[in-house]
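Notes to accompany the following structure.
Proteins get letters first, then strands, A, B, ... in listed order; numbering begins at 1 in each. Because the structure is a prediction, the values reported are computed rather than measured.
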Amino acid sequence: MLRVRFAPSPTGYLHIGSARTFIFNWLYARHNGGTVVLRLDDTDVERNTQVSVDSIFDGLNWLDLGWDEFYRQSDRLALHAAAAETIRQKGLAYRDFTPARAEDEVASEPAGGWLFNPGMRELSAEESDRRAAAGEPFVLRFRVPREEKHVVAFADGVFGKQTKLAKDIEDFALLRSNGMPTYHLASCADDVDLKITQIIRGQDHLTNTFKHVLIFEALGGDIPKFAHLPLLIAPDGAKLSKRKHGPVVSVTTYRDAGFLPHAYVNFLCLLGWSPKNDREQMTRQELVDAFGFEGINRSNAVVNFSEESPIDAKALWLNGQHLRSMPLEELLPLIRSSLPPQDDEERFRLAVDAVRQRFTSLHDFATRGKGYFSDDFEIDPVALDKLNQPQAREILRELGERLEAQPEFSEAICEAELRKLAEERGVKPGLLINASRAALSGQAVGPSAFLVFACVGRQRVIERLKKV
RNA sequence: GGCGCUAUCGUCUAACGGUUAGGACAGAGCCCUCUCAAGGCUUAAAUAGGGGUUCGAUUCCCCUUAGCGCUACCA
């Protein structure tokens with residue numbers, strides 16, 4: 001049984017890179033009939049916050065993909081401690097009583113790097129036990145093999161065969177001096193316990209994987225398969241950070257900008273993955289069907305944004321594509337809450353379908369499209385120019401009278417009446433067409449004017465024309 | 001510094017060792033037209049540099065350069 005996991009640590013908002021990792025995990029699981037495990041990696045008590053937990057769920061829920069099982073690492077501390085003890089008893093880890101190094105000390109490390117603190121690896125079991133029993137604080141470190149030729153290797157689903165000399169790996173920590181597990185230990189112990197079969201995560205963990213292989217081996221049992229994803233970076237080549245790049249890094253920004261969840265998922269999929277057939281706009285099912293590691297790239301992908309256009313233009317385009325082509329049924333619930341109650345469902349559907357053709361954001365319905373869904377709307381300045389053409393207002397009022405006198409109301413009737421009136425008054429139909437769109441919708445741009453009549457509906461058309 | 005990974009248009013990407021190096025977004029132009037979109041057509045735009053291997057290299061190998069990652073009692 002295939003099992004994948006997404007393991008965010010709650011120290012911020014849901015980062016778009018994390019969101020993409022989640023999506024790829026989800027797609028891989030769905031493609032292969034596997035299980036998606038969501039695990040909160042919250043062993044860093046210093047940095048975890050509830051606000052962050054909430055915002056991660058916010059983002060995940062918005063993506064609307066769901067997951068199958070949920071765990072938090074902080075509930076599983078006993079398991080981690082047991083795993084650490086197992087490794088220590090096998091002689092594969094030792095206590096290090098050296099005090100923690102200060103930040104600046106780490107930065108000014110001598111060339112050649114640091115592998116382990118002198119003396120600690122060789123401490124006798126007796127002395128180690130004695131000092132521990134006396135309450136002296138220690139970190140538990142993995143005893144990395146020091147044989148010259150010892151190679152640690154694994155096959156990565158994206159990057160292929162990876163090898164590294166064990167002598168280049170430092171004796172990393174398993175347990176902190178406060179007894180809490182480190183990320184490496186907790187993550188591997190949980191992966192084993194949760195029977196994760198495939199780990200899909202960011203490439204920033206590619207080199208950590210050598211350490212994880214060592215831990216998995218020490219713990220015994222099957223080692224999961226790995227697949228690392230290229231990172232998402234900013235146009236300046238730096239990794240995306242809130243401090244440096246602002247809200248572009250948070251998924252909630254896209255939700256708040258009026259993105260369709262699926263359109264954004266689709267966009268993120270195209271960053272670092274390709275179905276290799278030039279397809280770009282894809283449904284969820286198409287993504288599931290097409291997804292595989294073969295399509296994943298090995299180089300980092302730039303999220304394209306700038307101060308003038310803070311959101312990647314391709315994301316905007318893709319959102320527009322989905323907005324116009326998705327089933328109307330699925331779109332309606334997404335916009336209804338931002339609009340006043342609608343009195344005529346059929347007309348509402350007609351209007352939404354008409355205006356969506358030129359919208360790119362969910363917000364457009366309540367802003368640019370307001371005249372179609374509410375009586376309380378402003379006339380756009382450009383639209384006002386069209387309305388202020390000589391004779392326009394007066395003829396429009398007349399048109400209102402005539403439509404009121406008609407027993408029937410339809411797109412065709414409106415067109416016939418408008419054209420007839422234009423001819424009688426000796427003005428170009430275009431004058432009235434543009435002026436009526438302005439008067440009826442408040443917008444200088446929009447669907448074909450006669451469709452606008454139908455979208456607004458008989459009663460409102462007459463009202464709006466007569467009081468123009 | 002050490003170790004690891006990567007390198008095709010501005011951006012996302014495609015190309016069994018043989019293509020006029022393809023597509024998309026963004027840009028420019030044209031068409032369509034009652035406006036604006038959409039759509040259609042056209043256009044500009046790339047194999048980081050240097051060595052190999054090969055009849056032939058974007059593709060395989062090496063070096064250089066650049067970028068990124070790891071090198072914490074963060075994850």
Go through the N and O atoms of the side chain of [X] and the base of [N], and report whether any donor-acceptor pair is under 3.5 Å.
X	N	result
Lys314(A)	A24(B)	yes
Thr207(A)	C70(B)	no
Asn208(A)	A75(B)	yes
Arg298(A)	C5(B)	no
Arg141(A)	C73(B)	no
Asn300(A)	G67(B)	no

Report the distance from atom [atom1] of [X] to atom [atom2] of [N], rounded to the nearest whole Å.
X	N	atom1	atom2	result
Phe210(A)	C70(B)	CZ	C1'	10 Å
Leu396(A)	C34(B)	CG	P	18 Å
Phe154(A)	C70(B)	CZ	P	15 Å
Leu316(A)	A24(B)	CG	P	19 Å
Asp312(A)	A24(B)	CG	P	17 Å
Leu165(A)	G4(B)	CG	P	8 Å
Asp190(A)	A75(B)	CG	C1'	14 Å
Leu175(A)	C74(B)	CG	C1'	16 Å

- prompt: On the ring face of Tyr94(A), is Arg141(A) found with NZ or CZ under 6.0 Å from the centre and within 45° of the axis?
  reply: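 No; the conditions do not both hold, so Arg141(A) does not lie above the ring face of Tyr94(A).
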Distance under 6.0 Å and angle within 45° of ring axis: Arg39(A) vs Tyr71(A):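 Judged by the rule (NZ or CZ under 6.0 Å from the ring centre, within 45° of its axis), Arg39(A) is not positioned above Tyr71(A).
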Any side-chain N or O of [X] below 4.0 angstrom from OP1/OP2 of [N]?
X	N	value
Gln203(A)	U6(B)	no
Lys276(A)	A15(B)	yes
Asn297(A)	U13(B)	yes
Arg176(A)	A75(B)	yes
Gln162(A)	C70(B)	no

Is [N] paired to anything, Watson-Crick or G-U wobble with both distances less than 3.5 Å, and if yes, which nucleotide?
N	value
C16(B)	none
C3(B)	G69(B)
U54(B)	none
C32(B)	none
U43(B)	G27(B)

query: Yes or no on ring-ring contact (aromatic ring centres under 6.0 Å, His included) for Phe293(A) and Tyr28(A), after CA distance, side-chain angles and deciding distance?
result: CA-CA 8 Å; Phe293(A) 297 151; Tyr28(A) 189 75; 4.3 Å; yes
So what does [X] touch, heavy atoms closer than 4.0 Å: a base, only the sugar-phosphate, or nothing?
X	value
Gly202(A)	nothing
Arg47(A)	base
Pro230(A)	nothing
Ala449(A)	base
Ser436(A)	nothing
Thr98(A)	base
Gln443(A)	nothing
His228(A)	nothing
Glu170(A)	sugar-phosphate
Pro137(A)	nothing
Ser177(A)	base
Lys211(A)	sugar-phosphate
Ala301(A)	sugar-phosphate
Ser448(A)	base

field: Derivation of the salt bridge (Lys or Arg N to Asp or Glu O under 4.0 Å) call for Asp353(A) and Arg324(A)
entry: CA-CA 8 Å; Asp353(A) 202 27; Arg324(A) 331 187 221 284; over 6 Å; no
Verify, without hydrogens or angle tests, whether [X] (side chain) and [Y] (backbone) share a donor-acceptor contact under 3.5 angstrom.
X	Y	answer
Arg397(A)	Val468(A)	yes
Thr182(A)	Ala173(A)	yes
Glu286(A)	Thr283(A)	yes
Arg143(A)	Arg121(A)	yes

Closest to the [X] side chain: [options]?
X	options	value
Trp317(A)	C25(B), G39(B), C5(B)	C25(B)
Phe159(A)	U11(B), C73(B), U6(B)	U6(B)
Ala313(A)	A75(B), G23(B), A26(B)	A26(B)

query: Of Phe359(A) and Pro8(A), whose nearest nucleotide on RNA chain B comes first from the 5' end?
result: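 Here Phe359(A) is the residue nearer the 5' end.
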task: Could you say whether Ile233(A) or Val445(A) is positioned toward the 5' end of RNA chain B, judged by the nucleotide with the nearest heavy atom to each?
output: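 Of the two residues, Val445(A) wins.
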Considering only atom [atom1], compute the distance from [N] to [M] and round it to an integer number of Å.
N	M	atom1	result
U71(B)	G18(B)	P	41 Å
U47(B)	G17(B)	C1'	15 Å
U6(B)	C62(B)	P	12 Å
C70(B)	C63(B)	C1'	24 Å

query: Given Lys244(A) and Val249(A), is the side chain to side chain contact (heavy atoms under 4.5 Å, CB included) satisfied, shown in steps?
result: CA-CA 10 Å; Lys244(A) 193 167 176 194; Val249(A) 299; over 6 Å; no
